[in-house]
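Below is one structure, written out as structure tokens; the observations come after it.
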Amino acid sequence: IRDIGVTGVQTCALPIYDCGVFFDEQAGIGLGHARLSIIDLSALGHQPMAALDGRVQLVFNGEIYNYRELRRELESKGHAFRGHSDTEVLLHLYLEEGERFLTRLNGIFALAIFDQRANTLLVARDSLGVKPLYYSQTPKGFAFASEIKGLLPLVPDAKALDLEAIHRYLTFLWCPGDGTPLQAVRKLPPGEALIVREGRIERRWTWYQLPAFRGPRADLTEAEAVAGTADHVRRAVERQMVADVPVGAFLSGGLDSSAVVAFAREAAPDIRCFTIDAGDSSEEGRTADLPYARAVAKHLGVSLDVVEVSPQRMAADVAGMIGQLDEPLADPAALNVLYIPKLARESGIKVLLSGAGGDDIFSGYRRHRAIDLDRFWPLVPRMLRSGLEATAARLDQRRAWSRRLAKFAAGAALDGDERIVNYFRFAPAQTLLATYTPETLRAVAAKPAEAPMLEFVAALPASVPPLERMLALEQRFFLCDHNLTYTDKMSMAVGVEARVPLLDLELVEFAGRIPPRLKQRGPTGKWVFKKAMEPFLPREIIYRPKTGFGAPLRDRKSTRLNSSHAHISYAVFCLKKK
């Protein structure tokens, strides 16, 4: 198991991992861990890590960015440390505060603590779900791991498909909520924890709620928001550069990664940056990143390594990508996240700073611009809205402008939260249902694919404005169940940890207090973030056209890649029992 799990160390033959196991036959528990050493590279950081009396054991995947402050506090209370790892700080903090220790953490983690004193296992996931954590509750007991494939040897009979989850994968191209392709395997949601006793889940609770539940501050001024954004981003980057190994950075030339590098350079002027050259993106409706990445590197005076890839190379690597992801996430951008860390690792770098998350806390996607126009839809008769939706859907979807128009008009007849959630949909319900077998139709009839998102957004206070409701959905689902999932899995596949400073907990909390009028201002998304970065980056970088971290799927000159795209769909539709 790659980073955190119950038993087995199948991948421990890899020289980049330090592996360990713990078994308590009487308690019926086993913990296995394969460690990518980042902080305290000595044997004192080895896992599973035990308390001095051996009665508490911890396995942990991730980083705790405020561990130094926590360590000083614990030392003042009499705790003595043997090493210098954040893992040991976690262990002592649990001994001091019990399960309440989770609320003290600023970091990314999936962890488990076996407490022999109470005969309990505590399993928890970080506030935004940066680190994956899967579990399975079976008649034989409880199992967990950071990969689905790590669980399969422990639950060999778990072959029944979760058709509701597969319906969500096909609806959104990722699965919102706790479902996976298998009924017996679930995802632990972000900010949640479990207590397991004698192989059964005894208690489950949410230890962290997104700032949207508290709502923005109406009295926050424009000047305070801009200055506070710059200050919090700088501090987040500085905090997340803590490591006993070299740290590098992704650099696409977009605002988010450029902002991270601008502040990382203050602490490490010789930081190495990495980008990708995927060739012409004009048929994708995207702007090429490479010229912007080079311009940022020159402006900041940092080195830039370029990974050159072709549609043909991507096509050849799709099958491996599918196997590594465990879940049918139909986004070949995951390959970019593999290529860059691979080159970084070959260059001796084990940590990369990513710009992921800026769009999800400050706004920045086209759907955020569209939601600003939604206030006009109620003025249009519902029949006319339905006609516009049908007309837009018939446009040539091979062109970027027609795809965007169809996306904007989709669900035009819907109102409120239903319309907000509909912006995340990829495939119309009627299109999917027409392809399903009667068995599948019966399985998905009880609950719509949007149910987890609708239930979540319905729990938000009614006073939370539409843009903040959408951003809450981005943070709870799109990030956790899609972007962060493939980022972690593909980077860790080559022994590199991807960190996300723009999702630093203090920054997320501050961004949640900024009123929406300072995030999406007319057609300008991330307005407050852009204003905050004007002293540090060229305007042509800050206000460049929006583009995604994508791949040339629609390159008509590459029939091999078009075939591989079909391969992704085929892989999803052909999941079956064996």
Non-hydrogen side-chain atoms of Phe144 and Leu194 separated by less than 4.5 Å: no
Separation between CD1 (Ile420) and CD1 (Ile371), nearest 0.5 Å, reads 4.5 Å
Could you check if a side-chain atom of Leu325 sits within less than 4.5 angstrom of a side-chain atom of Thr485, using non-hydrogen atoms only? no
Applying side chain to side chain donor-acceptor pair (under 3.5 Å), name anything that partners Gln209, two or more places apart in sequence or on another chain. none
Once side-chain contact (heavy atoms from CB on, under 4.5 Å) is applied, do any residues pair with Glu192, and if so which ones, sequence neighbours excluded? Leu188, Pro189, Arg204, Thr206
Across all chains, not counting sequence neighbours, the side chain to side chain donor-acceptor pair (under 3.5 Å) partners of Glu63 are none
Which residues pass the ring pair (Phe, Tyr, Trp, His ring centres under 6.0 Å) test with Tyr365, sequence neighbours left out? His368, Phe478
Side chain to side chain, Pro452 and Arg168, heavy atoms closer than 4.5 Å: yes
Taking the side chain as C-beta and beyond, is there a heavy-atom pair between Tyr486 and Trp174 under 4.5 Å? no
side-chain contact (heavy atoms from CB on, under 4.5 Å) partners of Pro190, counting only residues at least two apart: Arg125, Arg476, Cys480
Note, Val496 side chain near Lys342 side chain (heavy atom, < 4.5 Å): no
Residues at least two apart in sequence or cross-chain that pass side-chain contact (heavy atoms from CB on, under 4.5 Å) with Leu152, listed by chain then number, are Ile148, Leu182
Are the side chains of Glu450 and Phe424 in contact, using a 4.5 Å heavy-atom criterion? no
Can you see which heavy atom on Ser363 is nearest to which on Gly525, and at what distance? OG-CA, 3.8 Å
Treating Asp126 as the side-chain partner and Phe109 as the backbone partner, does any N or O pair qualify as donor plus acceptor under 3.5 Å? yes
Identify, with sequence neighbours excluded, every residue that meets salt bridge (Lys or Arg N to Asp or Glu O under 4.0 Å) alongside Asp24. none
Could you tell me if the side chain of Met314 sits less than 4.5 Å from the side chain of Asn336, heavy atoms only? yes
Measure the spacing between CG of Leu503 and CD of Gln475 and express it to the nearest 0.5 Å. 8.0 Å
Kindly list each side-chain donor-acceptor pair under 3.5 angstrom involving residues 454-473, sequence neighbours excluded, with atom names and distances?
| residue | atom | partner | partner atom | Å |
| --- | --- | --- | --- | --- |
| Glu468 | OE1 | Lys519 | NZ | 3.2 |
| Glu468 | OE2 | Lys519 | NZ | 2.9 |
| Arg469 | NE | Asp417 | OD1 | 2.9 |
| Arg469 | NH1 | Pro461 | O | 3.0 |
| Arg469 | NH1 | Val464 | O | 3.2 |
| Arg469 | NH2 | Asp417 | OD2 | 3.3 |
| Arg469 | NH2 | Val457 | O | 3.0 |

Is there a ring pair (Phe, Tyr, Trp, His ring centres under 6.0 Å) between His167 and Tyr436? Walk through the geometry before answering. CA-CA 9 Å; His167 180 43; Tyr436 291 167; 5.4 Å; yes
Between the side chain of Lys131 and the main-chain N/O of Leu111, is any donor-acceptor distance below 3.5 Å? no
Evaluate the criterion side-chain contact (heavy atoms from CB on, under 4.5 Å) for residue pair Phe172 and His482; output intermediate values, then yes/no. CA-CA 10 Å; Phe172 300 100; His482 181 51; over 6 Å; no
Can any side-chain N or O of Ser491 pair as donor or acceptor with the backbone N or O of Pro341 at less than 3.5 Å? no
With sequence neighbours excluded, residues passing ring pair (Phe, Tyr, Trp, His ring centres under 6.0 Å) with Tyr134: none
For Thr437, which residues count as a side chain to side chain donor-acceptor pair (under 3.5 Å) partner, sequence neighbours excluded? Thr440
Look at atom CD of Glu198 and say whether more than 12 heavy atoms of other residues, nucleotides or ligands are closer to it than 6.0 Å. no
Shortest non-hydrogen pair, Gly179 vs Asp162, comes out as CA-OD2, 4.5 Å
Do NZ/NE/NH1/NH2 and the carboxylate oxygens of Arg367 and Asp359 come within less than 4.0 Å? no
Listed partners of Thr138 passing side-chain contact (heavy atoms from CB on, under 4.5 Å), at least two apart: Ser136, Lys140, Val155
Residues that Asn119 engages under side chain to side chain donor-acceptor pair (under 3.5 Å), provided they are two or more places apart: none
Heavy atoms, side chains only, cut-off 4.5 Å: are Phe60 and Ile113 in contact? no
